[in-house]
2 protein chains.
Amino acid sequence: MQKTKRLPVIEKIIAEENISSHAMLLRRLKAKGISCTQATLSRDLKQIGAGRVPDGKGGYKYTLPENSSNSAQPGYNKLQVLPVILDIVDAKGLLVIRTLPGNANNAAIYIDNTSRYEIAGTIAGDDTILVIPRDGITNHQLHTCLELILPGLHEQIKRK
Amino acid sequence: MQKTKRLPVIEKIIAEENISSHAMLLRRLKAKGISCTQATLSRDLKQIGAGRVPDGKGGYKYTLPENSSNSAQPGYNKLQVLPVILDIVDAKGLLVIRTLPGNANNAAIYIDNTSRYEIAGTIAGDDTILVIPRDGITNHQLHTCLELILPGLHEQIKRK
DNA sequence: AAGATAAATGAATAAATATGCAAAAAACAA
DNA sequence: TTGTTTTTTGCATATTTATTCATTTATCTT
């Protein structure tokens, strides 16, 4: 199961290169040692929210959704946000994230700015964030979503 | 040659409705008295810059490019009492209201002060308010209530 | 206005993308 | 662990979208 490692790579490739088709993306992935089929790509792109739009030069290109975690969030650096998160706990369909004291608000803003569909909103205290999922979003979808926003998150927390 | 009249109509339809395929757009156009083939649509959409992206709900939808006419100047005269409110989302029978950073508390106080029966209470973070309805209050009643407190609210938010 | 040139369009088809289904792989529970 | 359930994946194929080519329609030019 290499989906978890594949998605971030796909996002990165789309962000950095001009990808015009699944076939092209497939080649780029292979060059990075990841191989899958067009069908899988189609599903991955759908999950990421990436779409194909005219590139204005007579062709087409894939783009990441607005405020994707990759579309550089001014003022926030992934590597700085990540280590402040201590713990993630499910509670009544909601998600409670604990951070270092005083860091909850910043982390929450970071999460909000990704404008992920799965997340209805967040509320931050001093060291705790409540993440409220939209109706119909499963617990697992929510975790996958968080993993997209902050790659390596769960991995890191497990390590603690 | 009706391209000149067709393009604006296509833009408008895409801006206002959720179009998921050429076939669907074709039907909408026909309903407006414009008829053409899928091939023409494909070319039109390319020229407009419209692309097909995942809608986050398991399907796809067409979107206009960033600075397209619809995302243009929001009429100033339409600004409401609390232009700090960005978004309202239903979640698990609760209501999540997102505001500009730092404005949640003020907005929440404003809502509290109306002492509406429908609202049991509110919790405000920095940019998010959780509105908790009384037991027995339907989702629809809650929205109607909010609309009473802040006339034109939903209308404004739809306009994004 | 007539002829020439360019733009627009549809029909057919090519190219690209999405999905049903079955199998395999992971995650989970006891 | 072992059995159970969920998720992921590829294959084959359906669906959707883009393009080629021929034709028509509009736009110039003189």
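Chain A is the first sequence line, chain B the second, and so forth, proteins listed ahead of strands; every chain is numbered from 1.
K61(B) places no side-chain N or O within donor-acceptor distance of the main-chain N or O of V53(B), the cut-off being under 3.5 Å. Judged purely by atom type and a 3.5 angstrom limit, K46(A) uses its side chain to pair as donor or acceptor with the backbone of G58(B).
Between K3(A) atom NZ and dG10(D) atom C1' there is a gap of 14 Å when expressed in whole angstrom units. Following rounding to the nearest Å, L29(B) (CG) and dG10(C) (C1') show an atom-to-atom distance of 16 Å.
For residues 23-52 of chain A, no pair satisfies ring-ring contact (aromatic ring centres under 6.0 Å, His included), with sequence neighbours left out.
Phosphate contact (OP1/OP2 of dA16(C), side-chain N/O of R52(A), threshold under 4.0 Å): absent. The side chain of K46(B) contributes no N or O atom lying less than 4.0 Å from OP1 or OP2 of dT17(D). One finds a side-chain N or O of H22(A) lying less than 4.0 angstrom from the OP1 or OP2 phosphate oxygen of dA18(C). Contact check, Y62(A) against dA16(C): no side-chain N or O comes under 4.0 Å of OP1 or OP2.
Taking the C1' atoms of five terminal pairs at each end of the helix from dA1(C)-dT30(D) to dA30(C)-dT1(D), the two resulting helix axes are inclined by 50°, rounded to 10°.
For the segment residues 36-45 of chain A, residues with any heavy atom less than 4.0 angstrom from an atom of DNA chain C are, sorted by number, Q38(A), A39(A), S42(A), R43(A).
Put simply, the side chain of I13(B) reaches to within 4.5 Å of the side chain of L25(B), judged on heavy atoms.
A salt bridge links E17(A) and R28(A); the closest N-O separation between the charged side-chain nitrogens and carboxylate oxygens is under 4.0 Å.
Under a hydrophobic clustering in which Ile, Leu, Val, Met, Phe, Trp and Tyr are joined whenever their side-chain heavy atoms come within less than 4.5 Å, directly or via other members, Y60(B) and L41(B) fall into different clusters.
With a 6.0 Å radius and a threshold of 12 heavy atoms from other residues, nucleotides or ligands, K12(B) has its NZ atom at or below the threshold.
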